[in-house]
Amino acid sequence: MSSPNRLRIDRAALAQNWRTLDRMSGAAACGAAVKADGYGLGARLVVETLAAAGARDFFVATWAEARAIADMGVSIAVLHGIRAEDLAEGLPANARPVLNTAGQVALWRDAGAGRPCDLMVDTGMNRLGLDVGQAVGEQCVGLTIDTLMSHLACADEDSAMNAAQRERFAALAGQTTARRMSLANSAGIALGRDYAFDLTRPGLALYGGVPRAELADSILQVVMPEAQVIQRRVVRASETVGYNALWRAEADTEIAILNIGYADGYWRGFTNSGAFRWGDVRLPVLGRVSMDLTAVDLTDATNVREGDWIAADYALASAAAASGMSQYELLTGLGQRFERM
Ligand SMILES: *Cc1c(COP(=O)(O)O)cnc(C)c1O
């Protein structure tokens, strides 16, 4: 079936971003976070591309996400850990839980049959993870720990918390039987080699996101949403466009109505602030983004025809600024109506 929305995914840029982050990780291995269906791109496409580039360690949130890529021959860590319900459904042999709570540790000791696991330790974010004391304590002795992890709360900012969390984490070296240690997400990699330990876990920057200025020149855009023109029209001077009449024509204006809206993840925040591209010509969004439709200004592109494909301006840092959404939301919101290609 041919969809009127397509998502162009530049696989070469995706692989190049991984190689860039791998190089920045120094001697540490570089993995890839592919939770939320590869940040909206499609987890299988991402795993296939990055495994070919050399990535070996992949991170998902849930066991359903692990199962979706389990046949691809890569090592998978399940960040949310393990529940009795997951054990009952049977676990893929190449996936291991990242244990976050004393309850998960107890469950894995009973049911994991000595299989490897990872441990998440909380060093100050107060999101998921064991206390430092629990991680080095009696209950974790005897577990086969592959990777000891922690997660940075403020890596995308210049915050004193970064060094504080790094030091708390570094102090755990040799305190557990873990084979490796892992701290840095995309932004953490940009903080420097001190943060890389043995394994890094980038997500956002693989997909073209720029969480810190240090990455701006080296990370390539990967995702380009496109929509087809359904209708062209002329808006007469003083008339308005769209719900709530949020844009008014000062002069007669050529516009196009595109087959894309907030149900596709083209959020309402792009109202009167987003833009599309026709070659080098910028086509500003006019008025409110609807659920399935968006109007753009054709003043500088009067040769656009009904049925033509128009690309969204989707460089993530600037699109986030234009829409008020985070770069993460701009990726993970990309809907199911896009044909991913
Ligand atoms: C999502 C996630 C990552 C990847 O973070 P980015 O900011 O997308 O690079 C790494 N580690 C953990 C624990 C995560 O939840």
Side-chain angles (χ1 to χ4, degrees), residues 14 17-18 20-22 24-25 28-41 43 46-47 50 55 57-63 65-66 69 75-82 95-101 104 117-130 135 146-157 159 161-162 165-166 169 178 180-192 195-216 218-220 222-223 316-317 320 325-334:
L14 176 63
N17 287 342
W18 181 81
T20 296
L21 294 159
D22 184 41
M24 292 178 73
S25 301
C30 183
V34 297
K35 59 199 184 188
D37 200 20
Y39 286 46
L41 282 67
V46 172
V47 170
L50 298 186
D57 295 276
F58 292 85
F59 303 89
V60 297
T62 67
W63 286 92
E65 291 180 348
I69 57 170
S75 163
I76 304 165
V78 181
L79 291 164
H80 292 188
I82 189 79
R96 58 184 189 275
V98 182
L99 305 178
N100 294 290
T101 70
Q104 291 185 353
C117 59
D118 294 345
L119 293 187
M120 176 67 75
V121 59
D122 187 76
T123 51
M125 186 175 187
N126 283 301
R127 196 175 65 168
L128 283 181
L130 301 163
D146 184 289
T147 305
L148 181 68
M149 291 185 203
S150 191
H151 194 51
L152 296 165
C154 305
D156 58 347
E157 298 177 274
S159 160
M161 249 181 100
N162 293 326
Q165 283 195 272
R166 199 204 79 82
F169 189 58
R180 306 186 288 184
M181 293 178 75
S182 173
L183 178 64
N185 61 352
S186 302
I189 292 171
L191 290 175
Y195 287 78
F197 291 86
D198 304 308
L199 171 66
T200 57
R201 310 188 304 267
L204 183 70
L206 294 170
Y207 309 111
V210 179
R212 290 188 65 92
E214 294 90 331
L215 294 169
S218 51
I219 292 299
L220 306 173
V222 173
V223 175
L316 289 171
M325 305 297 283
S326 75
Q327 298 180 56
Y328 297 87
E329 289 164 307
L330 292 182
L331 289 168
T332 59
L334 291 166

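Atoms within each ligand, like the ligands themselves, are counted from 1 in listed order. Count residues from 1 along the sequence.
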- Message: If the criterion is any heavy atom closer than 4.0 Å to an atom of ligand 1, which residues make the list?
- Response: Ala33, Lys35, Tyr39, Leu79, Met120, Arg127, His151, Asn185, Ser186, Arg201, Pro202, Gly203, Leu204, Tyr328

- Task: With sequence neighbours left out, write down each residue that passes side chain to side chain donor-acceptor pair (under 3.5 Å) with Thr123, or none if nothing qualifies.
- Result: Ser150, Gln165

- Of Asp22, Leu21, Ile219, Asn185, the one forming a side chain to side chain contact (heavy atoms under 4.5 Å, CB included) with Pro202 is Leu21

- Message: Once ring pair (Phe, Tyr, Trp, His ring centres under 6.0 Å) is applied, do any residues pair with Tyr39, and if so which ones, sequence neighbours excluded?
- Response: Tyr207

- Closest non-hydrogen atom pair between Ala28 and Ala196, with its separation: CB-O, 3.7 Å

- Hits for side chain to side chain contact (heavy atoms under 4.5 Å, CB included) against Ser326, two or more places apart or cross-chain, chain-then-number order -> Tyr328, Glu329

- Message: Looking at every non-hydrogen atom in both residues, tell me the closest pair between Met149 and Phe169 and how far apart they are.
- Response: C-CE1, 3.7 Å

